[in-house]
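What follows is a set of notes on a single structure, which appears directly below.
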2 protein chains.
Amino acid sequence: MSTEDLLRLDLQLCFPLYAASRAMVQAYTPLLAKLGLTYPQYLVMLVLWETDGVTVKELGEKLYLDSGTLTPLLKRLETQGFVRRERSTEDARSVTVSLTPQGRALRRKAASIPEAIVCRTGLTLEELARLRKDVQRLFEKISK
Amino acid sequence: MSTEDLLRLDLQLCFPLYAASRAMVQAYTPLLAKLGLTYPQYLVMLVLWETDGVTVKELGEKLYLDSGTLTPLLKRLETQGFVRRERSTEDARSVTVSLTPQGRALRRKAASIPEAIVCRTGLTLEELARLRKDVQRLFEKISK
DNA sequence: TCCAATTCAGTTGCGCGCAATTCAATTGTG
DNA sequence: CACAATTGAATTGCGCGCAACTGAATTGGA
């Protein structure tokens with residue numbers, strides 16, 4: 001393949017990835033708006049619904065986001081009444097994030113979202129699982 | 001699969017897509033920084049290197065971005081001296097974006113980037129082509 | 001024990017993305 | 001032709017992402 005070809009927009013992997021990621025977030029947006037969440041906020045809630053009481057650092061490791069992104073995002077979730085943020089007693093450098101009852105309750109309202117998105121893709125669960133694995137593999141290759 | 005499972009972060013397609021897309025942009029960032037470009041600016045340049053003299057609307061259609069994103073981005077490219085923006089004479093509502101000699105020259109400097117990224121993924125061109133097609137198909141399904 | 005190095009969250013600054021709005025130019029219809 | 005509807009770019013406002021930095025708390029080595 002020539003350099004010319006490699007510089008063509010439609011032949012690069014990155015652009016479809018970038019476009020698909022944004023389109024995915026846009027598909028979630030109206031569903032999440034009903035809960036009062038943005039997509040990154042939803043990701044934080046997914047982590048907390050699975051493991052309540054995590055530090056900002058742990059959230060960052062799971063979501064690949066830094067404190068510059070998480071701190072203001074968590075403050076907004078706190079203002080909304082979905083989470084509490086408190087300095088850890090055993091290590092005062094870290095901050096523990098935990099769900100409020102309201103934050104826990106939100107999980108039920110979110111329960112219907114994944115299926116709605118799966119339907120939207122029009123792919124079978126097998127196709128989705130394979131694509132997810134491929135994209136994950138790509139991510140691992142790139143991110144080191 | 002249960003609702004519980006569907007809400008698990010690691011089982012969703014969207015999160016790996018989101019993480020991979022950001023990781024990809026991060027892989028481009030140091031290479032593009034040498035040219036004075038961000039990743040979205042690079043996408044605009046890719047379009048212009050292929051088809052010089054396009055309107056903001058056409059750019060938006062190719063990149064799935066609106067004027068709210070493009071107008072300030074194009075102003076920054078203009079300030080850098082890579083593009084010119086001028087009101088169309090036949091339709092004064094639209095603005096035509098074209099390359100400056102400096103913008104055209106940038107293409108040669110960018111020529112080595114796609115291959116560097118391909119190497120970074122550690123995938124064969126066949127694997128990349130297949131993944132690109134799958135992601136494109138997903139994008140088309142979602143974005144309507 | 002002391003103190004330099006590290007860690008963790010927070011802050012600042014900037015460039016997207018995108019919804020919503022504005023305004024001027026153009027188009028289409030009676 | 002008139003004028004309402006549409007189109008295209010620009011603007012505003014907000015929430016990310018992320019690099020770079022700050023400052024406080026903790027750790028680890030001499």
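Just so it is clear: chains get the letters A, B, ... in the order the sequence lines come, proteins before strands, and each one is counted from 1.
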Does a side-chain heavy-atom distance below 4.5 Å link L70(A) with V44(A)?
-> yes
Scanning both residues in full, the closest heavy-atom pair of A116(B) with L31(B) reads CB-CD1, 4.0 Å
What's the shortest heavy-atom distance between G122(B) and K141(A), and which atoms?
-> O-NZ, 3.8 Å
Heavy-atom protein contacts under 4.0 Å, nucleotides 11-22 of chain D, coded B base, S sugar-phosphate only, - none = B---SSBBB---
Salt bridge or not for E127(B) and R137(A), using N-O below 4.0 Å?
-> yes
Check V95(B) against R85(B) and note the closest heavy-atom contact, atom names and distance.
-> CG1-CB, 4.0 Å
Stretch residues 80-89 of chain A: residues that reach within less than 4.0 Å of DNA chain C through a heavy atom | R85(A), R87(A)
Closest heavy-atom pair, A92(A) versus R87(A), reported as atoms and distance to 0.1 Å, is O-NH1, 3.0 Å
Just report the end-to-end axis angle for the helix from dT1(C)-dA30(D) to dG30(C)-dC1(D), five pairs per end, to 10 degrees.
-> 10°
When rounded to the nearest 0.5 angstrom, what is the spacing between CG in L32(A) and CD in Q41(A)?
-> 9.0 Å
Electrostatic pair E61(A)-K57(A), nearest N-O below 4.0 angstrom | yes
Residues pairing under side-chain hydrogen bond (donor to acceptor under 3.5 Å, both in side chains) where one sits in residues 15-32 of chain B, two or more places apart or in two chains, turn out to be Q12(A)-Y28(B)
Using ring-ring contact (aromatic ring centres under 6.0 Å, His included) as the criterion, list what pairs up with F82(A), not counting sequence neighbours.
-> none
Heavy atoms, side chains only, cut-off 4.5 Å: are V25(A) and T38(A) in contact?
-> no
May I ask you to test the R107(A)-M45(A) pair for a side-chain heavy-atom distance under 4.5 Å?
-> no
Polar pairs (N or O, both sides) under 3.5 Å between protein and nucleotides 6-8 of chain D?
from	atom 1	to	atom 2	distance (Å)
dT7(D)	O2	R93(B)	NH1	3.2
dG8(D)	OP2	K57(B)	NZ	3.1

May I have the distance from L59(A) (atom CG) to dC8(C) (atom C1'), rounded to whole angstrom?
-> 13 Å
